[in-house]
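Structure record follows, encoded as structure tokens.
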Amino acid sequence: MARPYGLLRAGFPYVMSLGMRRITNFPIDIALGNEDRMYVLCRQENAALIRIYNYDDLDLGAIGSWGTDEGQFQWPVALIADADENLFVSDEALHRITQFSKDGEVLGTWGERGSGDGQLDRPAGMSFDLDGNILIVDSMNHRVQKFTRDGKFLSKFGSHGSGDGELESPWGITVDELGDIYVADWGNDRIQKFNSDGELIFAFGSTGDGDGQFNRPTGVAVDLDGDIYVADWGNDRVQLFNEEPRFVQKFLGEATLSKISREYMLTNATPNRLRDMANLEPQRALRRPKSVVITGDGRMLVTDTDSYRLQVYQKEVIPLLPTQLAPPMRSPTLHQE
């Protein structure tokens with residue numbers, strides 16, 4: 001499907017919050033399943049699991065546990081799911097990848113620590129390429145490696161540094177529908193875009209808290225319009241860029257109490273009193289978001305990591321034809337309609 005010539009951006013409203021403390025503790029990544037299922041990777045000291053969830057705010061069970069045995073996690077980072085909802089989890093402490101079925105059966109474990117081809121040192125973000133292979137951010141080796149699903153090494157790109165195409169402790173990664181690769185270059189406070197062969201196309205971003213600047217970006221996603229979303233972890237926000245890439249807008253959080261939180265609060269008098277006495281403005285904000293995921297219908301899910309929840313937004317755009325979009329202007333000013 002071709003990308004639209006242009007977009008009428010009608011809005012990007014907040015829709016809902018999902019999860020709560022004790023259930024979605026410190027969510028750091030999300031993988032999408034079928035029938036509105038989602039898999040939420042949660043981690044904290046001495047606790048890690050995949051929580052199975054849905055948009056009705058229902059807890060559908062969990063996969064995995066904390067530990068070093070097969071099927072356990074020590075310090076997981078990223079989670080992806082294929083069309084059959086087989087799940088792949090990277091673990092930066094164990095330097096390995098674990099594959100599960102959607103029912104929690106361990107299907108395979110691979111990876112070993114090192115700097116050679118196929119070895120890993122704190123693997124972080126993962127993404128499928130268009131051929132179904134897995135691209136893995138090999139964070140402390142400052143590179144991206146490509147593997148088959150059963151762990152056979154195929155190729156690599158990237159090296160340590162701050163120059164074009166170089167990486168400094170990269171974190172997140174995604175592949176768009178054209179096969180291009182986007183890497184959240186954590187230590188360099190930028191996003192880099194590569195073609196499928198690992199050749200640099202462009203880089204954008206710098207250190208700071210202004211529009212288009214980053215403070216340790218952790219997650220990156222691209223939708224079918226070519227829009228680029230960045231989880232700007234250190235600035236407590238998500239930023240949206242178009243495919244040029246030009247800054248479009250930022251998301252700071254609009255959270256309300258989730259459905260499951262409301263049910264909990266109605267049976268607990270003390271938290272109700274504390275909330276009644278509190279300044280609620282900070283409760284809306286994102287705190288240390290680590291991942292952003294976009295569904296095919298434009299729904300944006302953000303792991304509001306330090307608030308133990310997901311914040312959900314809905315993109316509202318209308319595709320434009322060439323006759324509906326004037327040529328670029330030198331000094332555009334947007335007037336309120």
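Hydrogens, waters and symmetry mates are skipped; everything else that's a heavy atom, side chains included, is used.
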Checklist entry - Restricting to pairs with a member in residues 115-134, which pass ring pair (Phe, Tyr, Trp, His ring centres under 6.0 Å), not counting sequence neighbours? => result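 Passing the test, one end in residues 115-134: Phe88-Phe128.
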Check whether any side-chain N or O of [X] sits under 3.5 Å from a backbone N or O of [Y] as a donor-acceptor pair, and report yes or no.
{"X": "Asp69", "Y": "Gln72", "result": "no"}
{"X": "Thr267", "Y": "Tyr264", "result": "yes"}
{"X": "Arg237", "Y": "Asp232", "result": "no"}
{"X": "Asp57", "Y": "Gly19", "result": "yes"}
{"X": "Asp59", "Y": "Ile260", "result": "no"}
{"X": "Ser101", "Y": "Asn86", "result": "no"}
{"X": "Ser139", "Y": "Trp171", "result": "no"}
{"X": "Thr24", "Y": "Pro27", "result": "no"}

Any Lys/Arg nitrogen of [X] or [Y] sitting under 4.0 Å from an Asp/Glu carboxylate oxygen of the other?
{"X": "Asp29", "Y": "Lys290", "value": "no"}
{"X": "Glu316", "Y": "Arg9", "value": "no"}
{"X": "Lys259", "Y": "Asp56", "value": "no"}

*So do Leu120 and Glu92 actually touch side chain to side chain, heavy atoms under 4.5 Å?*
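Glu92 does not reach Leu120 side chain to side chain.
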query = Relative to each other, are the rings of Phe157 and Phe194 parallel, tilted or perpendicular (30° and 60° limits)?
reply =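 Ring orientation of Phe157 relative to Phe194: tilted.
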_Other residues, nucleotides and ligands only: do more than 12 of their heavy atoms fall within 6.0 Å of CG on Asp117?_
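Counting other residues, nucleotides and ligands, CG of Asp117 exceeds 12 neighbours.
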Check for me whether Arg216 meets the cation-pi criterion with Trp186, that is, NZ or CZ under 6.0 Å from the six-membered ring centre and within 45 degrees of the ring axis.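 The answer is yes; both the distance and angle limits are met.
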Establish, yes or no, whether the cationic atom of Arg37 lies under 6.0 Å from the six-membered ring centre of Tyr55 and within 45° of the ring axis.
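Checked: cation-pi criterion not met.
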> So, for Phe147 and Trp110, is the gap between ring centers shorter than 6.0 Å?
Replying inline: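 Yes, the ring centres sit under 6.0 Å apart.
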*Just jot down the salt bridge (Lys or Arg N to Asp or Glu O under 4.0 Å) partners of Glu112, sequence neighbours excluded, or say none.*
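Checked Glu112 against salt bridge (Lys or Arg N to Asp or Glu O under 4.0 Å); zero matches.
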query = Got a sec, which hydrophobics cluster with Val248, joining ILVMFWY side chains under 4.5 Å apart, including via others?
reply =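 Members other than Val248 - counting any ILVMFWY side chain reachable under 4.5 Å - are Phe12, Tyr14, Tyr229, Val238, Leu240, Phe251, Leu286, Val292, Ile294, Met300, Val302, Tyr313.
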Gln283 side, atom CD; Arg309 side, atom CZ - distance, nearest 0.5 Å: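 Reported to 0.5 Å precision, the distance equals 7.0 Å.
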